[in-house]
Amino acid sequence: MRFLVRRVLLLIPTIWGVVTLVFFLIHLTPGDPVEIMLGENAVQADRVALRHQLGLDKPLYRQYVDYLNRVVHLDLGRSIFYKEKVMKIIEERFPATFTLALVSMIVAILIAIPPGIYAAVKQFSFWDNLTAVISLLGVSIPNFFLGPVLILFFSLKLGWFPVSGKSGFASYVLPSITLGTALAAILTRITRSSLTGVLKEAYITTARAKGLPEFRVIVKHALRNAMIPVVTIMGLQFGALLSGAIITETIFSWPGIGRLLIDAINTRDYPLVQGTVLVIALTYVIVNTLVDITYTIIDPRVRLEK
Amino acid sequence: MRKLFITGVVIVLLMILFAVFGPLLSPYSPYEIHLDQGLRGPSLAHPMGQDKLGRDIFTMVAYGARVSLTISTTAVAISFIAGILIGGISGYVGGIVDELIMRLIDILLAFPGILLAIALAAFLGPGMKNIIIALSAMGWVGYARLVRGQVLSIREREFVQAAIAEGLPLWRILYIHIIPETLPPVIVQATFGMAGTILAESSLSFLGLGPQDIPSWGRILSDGIDFLREAPHISIFPGIMIMLTVMAFNFIGDWLQEKIQPGGGE
């Protein structure tokens, strides 16, 4: 319980820091942000209005206090391009990103775990080496290259899946493979290294000595413990999928917050950029904390060490 | 694994040679436009084909190699030095300084993957210098955390305690006794860091946040996406270059990691 409280309390300075950093982003622009957003030909009245709307006419400390105050009340300002509340736009787009990340996670698990187990069981074999090379390729292929290659073969040449957009099950296939491949590569490696470690433990030797069939030894005895680090990494990587989604969504015109962020950057819609960045970062922090807590509940050894 | 390491080193060396001499070997300029030859596939005169404006992809990719390698190497070098200094001080001095630096690191780590670099690049504006700033701001954290952890354990070792007892100044203790001890894992991390930074740089360029006036791998690739059906070569060649380079650094990093930490892994 004390651990839980401590872990949640530790979130506060981090969240405050993230909000502060996001607040200062707009002050990094070379020159006047209002000028950049509206362009050189804007009318003076519009400039004054926007400057006032963004609070940029106030002293810096006042802007900062106001910003913190608004964020606490879940008000992220208004989008300049969409003329709507930033929070409302993000709420509409968030589910698409979340489901894409979830499906990609499932795809990654399906691709990753079986070869990882096989490589560990047949350590140093040809298949083990092959798996190692393929997973290195998997982490090396940029998703903005994999995505177009998949589109080229499976959409343009074979016509199996749609080129872009979100419309039903088929539209998930290519984006989730694009997003899930790097994670799959990481999971394969961790499954292999974790299971190789566990298979050397004494209780595995005991299980084998009892005459248990090898399949049972691996699935019932070894895998259970070997999966602990794998599950942890899966949790921690879920947030990374959110950032990977920025590029994947841009390639596939997926209506999520990743693409929203890039569109907002291109239209210089700074309040929307700040809002999206903030929401992605906070989601990541919260998911990581949840993973951490779950991990402690599942594995009591961690709690004892602390 | 040794074979992969050698493959990695060879690829990296070839990429460096390509970046240095590629642009000199090509008879074209990366800006030379031939509208009548737009989207032509690979030929003897243009081994990687031509883009929409008839520009030679080989030449653009060669210049792109310069841009990508320069940006990544600079960003990794800055991250590496800043990370060692900040991590070293944090671990050695301890106390409130350590606490503050660790909180800052926590905050920066709250931005997953390249989100921080995207956010910084979006507000700083595109361009080579800003990309380097964005990538370094994201990059130093990993090195700092690693060095701090190392320093915490090395500080307690006898030879360091002896140096402290002798009254050597802080910078000397750090510079002569502690930092050299922390280097092997940091160098491994820098190798993976090169792979990650090249990926991040080309991602930013792909998203249109990279340098605007010179070709970069990410941007050539993204320009080609609109012509995937009729001219896939535009995207495929820069894509292969990025993949090969990233893979090469991963091969090298993997082997080095195995060397300094046998049996250890992830």
Side-chain angles (χ1 to χ4, degrees), chain A residues 10 13-18 20-22 25-30 33 36 129 132-133 136-137 139-146 148-149 151-152 156 163 186 189-190 192-194 229 233 239-244 246-247 250-251 261-262 264-266 270 273-274 277 280-282 284-285 288, chain B residues 1 3-4 8 103-104 106-116 118-125 127 130 133 192 195-196 198-199 202-203 205-209 217-218 221-222 224-225 228-229 232 235-236 238-240 242-251 253-254 263-266:
Chain A
L10 263 179
T14 310
I15 290 178
W16 167 75
V18 170
T20 305
L21 211 155
V22 169
L25 281 176
I26 200 164
H27 296 280
L28 288 178
T29 52
I36 299 175
N129 289 332
V133 175
L136 274 178
L137 280 177
V139 286
S140 306
I141 187 163
N143 47 8
F144 54 85
F145 181 45
L146 180 61
V149 169
I151 292 178
L152 180 61
L156 298 178
V163 174
I186 299 173
R189 291 170 63 125
I190 291 172
R192 179 196 174 274
S193 73
S194 166
I233 297 290
L241 286 179
L242 291 176
S243 91
I246 298 171
I247 289 171
T250 309
I251 300 169
L261 171 63
I262 299 305
I265 291 174
N266 290 334
Y270 288 150
V273 176
Q274 282 177 303
V277 169
I280 298 177
L282 292 185
Y284 181 59
V285 174
N288 277 358
Chain B
M1 277 307 172
K3 273 186 207 150
L4 293 184
R103 287 290 84 80
L104 176 65
D106 276 350
I107 292 165
L108 294 179
L109 286 177
F111 294 85
I114 58 164
L115 181 66
L116 182 65
I118 290 180
L120 289 175
F123 286 93
L124 290 168
N130 289 342
I133 295 176
F192 288 123
I198 289 170
L199 264 184
S202 34
S203 302
S205 299
F206 175 84
L207 294 171
L209 298 168
W217 286 345
L221 199 160
S222 101
I225 296 239
L228 266 187
R229 194 189 293 267
S235 291
I236 284 178
I240 290 174
I242 300 168
M243 196 173 96
L244 279 178
T245 319
V246 173
M247 192 184 68
F249 280 109
N250 279 332
F251 283 170
D254 237 37
E266 316 303 340

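Each chain gets a letter, A, B and so on, in the order the sequences are listed, and its residues count up from 1.
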Proximity breakdown for [X] and chain A, heavy-atom pairs closer than 4.5 Å:
| X | answer |
| --- | --- |
| A195(B) | neither |
| L228(B) | both |
| D254(B) | side chain |
| L199(B) | both |
| R229(B) | both |
| I114(B) | both |
| S222(B) | neither |
| I198(B) | neither |

Examine distances only and state if a side-chain atom of S235(B) and a backbone atom of P232(B) form a donor-acceptor pair shorter than 3.5 Å.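 Here the side-chain-to-backbone pair does not exist.
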Name the orientation class of the two ring planes belonging to F206(B) and F144(A) (parallel below 30°, tilted from 30 to 60°, perpendicular beyond 60°).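 Answer is parallel, since the angle falls under 30°.
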With a 4.5 angstrom heavy-atom cut-off, is it the side chain or the backbone of [X] that approaches chain B, or both, or neither?
| X | result |
| --- | --- |
| I36(A) | neither |
| T14(A) | both |
| L10(A) | side chain |

With chain A, which of I236(B), L244(B), D106(B) has the greatest number of heavy-atom pairs at distances under 4.5 Å?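 Of the candidates given, the most pairs with chain A belong to I236(B).
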